[in-house]
Structures are given as structure tokens and as C-alpha cells.
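For reference, the structure discussed in these notes is given below.
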Amino acid sequence: MSLAAQFHEYGSIDSLRVVDVSPPTAGPGQVRLAVRAAGVAPVDWKILHGHLGRVAPSRLPLGLGFDVAGVVDQVGAGVADLRVGDEVLGAAATPSFAQSALADPAVLVAKPASVPWEVAGTLAGSGITAWEVLNELRVTEGETLLVHAAAGGGVGTFAVQMAVARGARVIGTASERNHERLRSFGAEPVAYGAGLVERVRALSPGGVDAVLDASGRGEIPDSVELAGGPSRVLSVVVQDPAGTGIRTHVTQPAVDGREALRDVLALIEAGRLRVPIAGTHPLDEAAAALEASRAGHVSGKLVLLP
């Protein structure tokens, strides 16, 4: 048997429990991982509370978790480039808040020895999304990018550092207590809230070339104004952009996951991308980790270490 965190009803953190389950079996084109680390993301709390559309009740209980790092312990038919014992990181095909998870090799890369497990287990969701978004926005050297929610440890934090590495100028919105962190990333911080347009224009009188919204706190009208229109304003959190003219981004890790993760790792190993870890938890503290994520104001990634 193996341990996994599962919930038995939507909307209740108390329904999330660690239970014994049969470990999954790697099918054709899959590998099974002994999970060493699993990142906790805001989407996990949203799934638990049914905010992303409820799965049919007959499918409960359900697990959580997407980001994963672990050791290959079973290889399915047709997998030629991974072997038992390989240390990898990427995206899980089954819930990663567990001791054992399946994954598609197309969304896994080798874990460098220099990257700690707790960092390796947080890279897929935010890293792949930030990589895709910067490409979709066509951010290039010399341009100015505005990033909302730039210092929380999620997509914004990755995008800030990756854009700086491309040679872009980055202005990031964050609470004042995180301004020094943004400066350490190479960004110029501004505060949230009323007067945002004026604060950004004080730094960049001509506005900005592109905007990434990783906040969802109502900055879209200001973003469109600062970018001179909606064509290069993109959100990873707004579900219904109707009437705004902006685009929303849906990550497709199976399409270019390996390329994105290799670029992310190259930046980490070059010292150009830092992944702050706000805290680590054993599997039986999954509920506490989710509550901390839900409460917000977490300055970095939360990680389960099964």
C-alpha cells in the first residue's frame, strides 16, 4: 500500500485526509515516481472547494497536486529514455500529494544534483506557465513588462526573473513588505491599489509594452490603459475576460514542458532564477499547507515532502 492525501467532499478542508491506497501502475508511455516533493499551488485549494467545476460525485474521493519531483521506480511499455532510479522533476499525471504518482516522460526532465528536492518539486506549474506566457506576450530585450502579483512565489515571481534574464525591464506590483525581494530579482516594485496607473507612469511615463496579470484583483482596466490597449495584456487567473479584449492563458505542459523546464533549470543553475521556499510540510500536513496557500500573503512556495 501507499499513502495519499484525498478529499471526500467539496468545500471542506476537514475532508482532506491521508489514506492508504494501492499504488498506481505505470501504463504504456508512463513512469511511476516515488514522490520526494510536491508543490502546493492555489489551484489545489480551488479544486478542493469546487471552484473549477465539480467532478461527478461518483468520482470522489479525489487527490490533489500537479507539480512533482521524485525517483522513477517503475517504467511502462514504450518508455525508452528513463530507467528505474532516475531522479526527475516535472508534472504528474496523477495527484502528486502522495507517496507514488504516475507521469508522462514528455513532461519530465532530469533533476540536477544541485537543485534541492523541495525546489525541484515546485517548478512545473509556475515555470512552464511563465515560460509560455512570456513567449505568448512576445517579451523581448529592451521592452517594459508589468507583472501583477510579482513576489508571491508563483507564476509572477518566475516571470519577473525570466523576463529580466531576457533583457526586459520589469515593473512588478506587490505589497510593500515584498518590494526589497522584487528589487533583488531585478524588478522595480510598485504598490497595489488606487493610484496604480500614476505610480507606474512615474517609473515609465510612456506606459508599458506588455502586462502579465497573475493577481486577478481587478487591475485589468489599469493594465489596458498602461499598455495602450488589450492586445498585449494577458491573465493567468481571470476566467472570463469577456468585454475586456485581453487574453487568458491555459498552460499546455505536454506541448513544450521539457523545453520550458530545461530553460528554467538553466536559469536556476546560472543563478538567474531563485525559487523562494516559504515552508515544507510532511504529507499528513497537506491540509495546513492548503490553508496557508488559501490565506495568501505567502512569500514563496509551499511544498509537501511525502
Side-chain angles (χ1 to χ4, degrees), residues 41-43 45-46 49 51-52 125-126 129-130 133-134 136-139 142-164 166 168-250 274 276 278 291-302:
V43 69
W45 182 86
K46 293 176 182 178
H49 287 263
H51 291 181
L52 299 184
S126 295
T129 299
V133 162
L134 292 180
E136 189 171 347
L137 284 172
R138 308 182 308 281
V139 175
E143 290 193 314
T144 299
L145 172 69
L146 174 62
V147 178
H148 296 301
V155 173
T157 295
F158 279 75
V160 164
Q161 297 177 82
M162 293 164 75
V164 168
R166 291 185 178 201
R169 179 190 185 191
V170 179
I171 299 171
T173 65
S175 59
E176 196 158 337
R177 65 189 176 89
N178 285 321
H179 282 192
E180 191 53 44
R181 170 176 284 179
L182 275 182
R183 292 187 185 97
S184 76
F185 291 158
E188 299 168 64
V190 294
Y192 288 113
L196 175 65
V197 170
E198 291 72 23
R199 288 192 294 276
V200 173
R201 289 198 185 279
L203 294 174
S204 183
V208 301
D209 297 293
V211 182
L212 166 60
D213 171 37
S215 165
R217 296 178 180 174
E219 297 95 342
I220 297 303
D222 287 348
S223 299
V224 171
E225 180 178 344
L226 286 164
S231 65
R232 292 186 72 189
V233 178
L234 186 150
S235 179
V236 296
V237 288
V238 173
Q239 298 298 312
D240 183 8
T244 67
I246 72 164
R247 288 171 289 161
T248 58
H249 178 81
V250 177
R274 290 186 286 121
E291 280 295 280
S293 175
R294 179 197 64 81
H297 310 296
V298 177
S299 296
K301 290 287 191 178
L302 296 167

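Scope of the values below: all heavy atoms of this structure, side chains included, with no hydrogens, waters or symmetry mates. None of these values were measured; they are calculated from a predicted model.
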Would you tabulate the side-chain donor-acceptor contacts of residues 205-212 under 3.5 Å, counting partners in other chains and residues two or more places apart, or write 'none'?
| from | atom 1 | to | atom 2 | distance (Å) |
| --- | --- | --- | --- | --- |
| Asp209 | OD2 | Thr144 | N | 2.7 |

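A pairwise comparison of heavy atoms in Ser126 and Val155 identifies OG-N, 3.6 Å as the closest pair. Nearest heavy atom pair, residue Ser204 against residue Ile171, reads CB-CD1, 4.0 Å. The minimum heavy-atom distance between Glu225 and Arg201, with the atom names listed, is O-NH2, 3.6 Å. The two residues Val236 and Ala214 come nearest to each other via the heavy atoms CG2-CA, 3.8 Å. Here the closest non-hydrogen pair linking Ala174 and Ala151 is CB-CB, 4.0 Å. The two residues Leu145 and Ala163 come nearest to each other via the heavy atoms CD2-CB, 3.8 Å.
The shortest distance between side-chain heavy atoms of Val164 and Phe185 does not fall below 4.5 Å.
Leu137 CG to Leu234 CG: the interatomic distance, rounded to the nearest 0.5 Å, is 5.0 Å.
Among residues two or more places apart in sequence or in another chain, the side-chain contact (heavy atoms from CB on, under 4.5 Å) test is passed with Ser184 by Arg181, Arg274. Applying the side-chain contact (heavy atoms from CB on, under 4.5 Å) rule to Ser215 yields the partners His148, Ala149, Tyr192, Asp213, Arg217, Glu219; only residues at least two apart in sequence or on another chain are considered. Remark: Pro230 pairs with Val224, Ile246 by the side-chain contact (heavy atoms from CB on, under 4.5 Å) rule, at least two apart or across chains. Here Glu136 pairs with Arg247 under the salt bridge (Lys or Arg N to Asp or Glu O under 4.0 Å) rule; sequence neighbours left out. Checked against side-chain contact (heavy atoms from CB on, under 4.5 Å), Glu180 has the following partners two or more places apart in sequence or in another chain: Arg183.
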Output, in order, the C-alpha distance, side-chain angles, deciding distance and verdict of salt bridge (charged side-chain N to carboxylate O under 4.0 Å, His left out) for Arg169 and Glu188.
CA-CA 8 Å; Arg169 179 190 185 191; Glu188 299 168 64; 2.6 Å; yes
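At distances below 3.5 Å, not a single donor-acceptor pair connects side-chain atoms of Arg232 with backbone N or O atoms of Ala227. With hydrogens and angles disregarded, no donor-acceptor distance shorter than 3.5 Å links the side chain of Thr173 to the backbone of Ala191.
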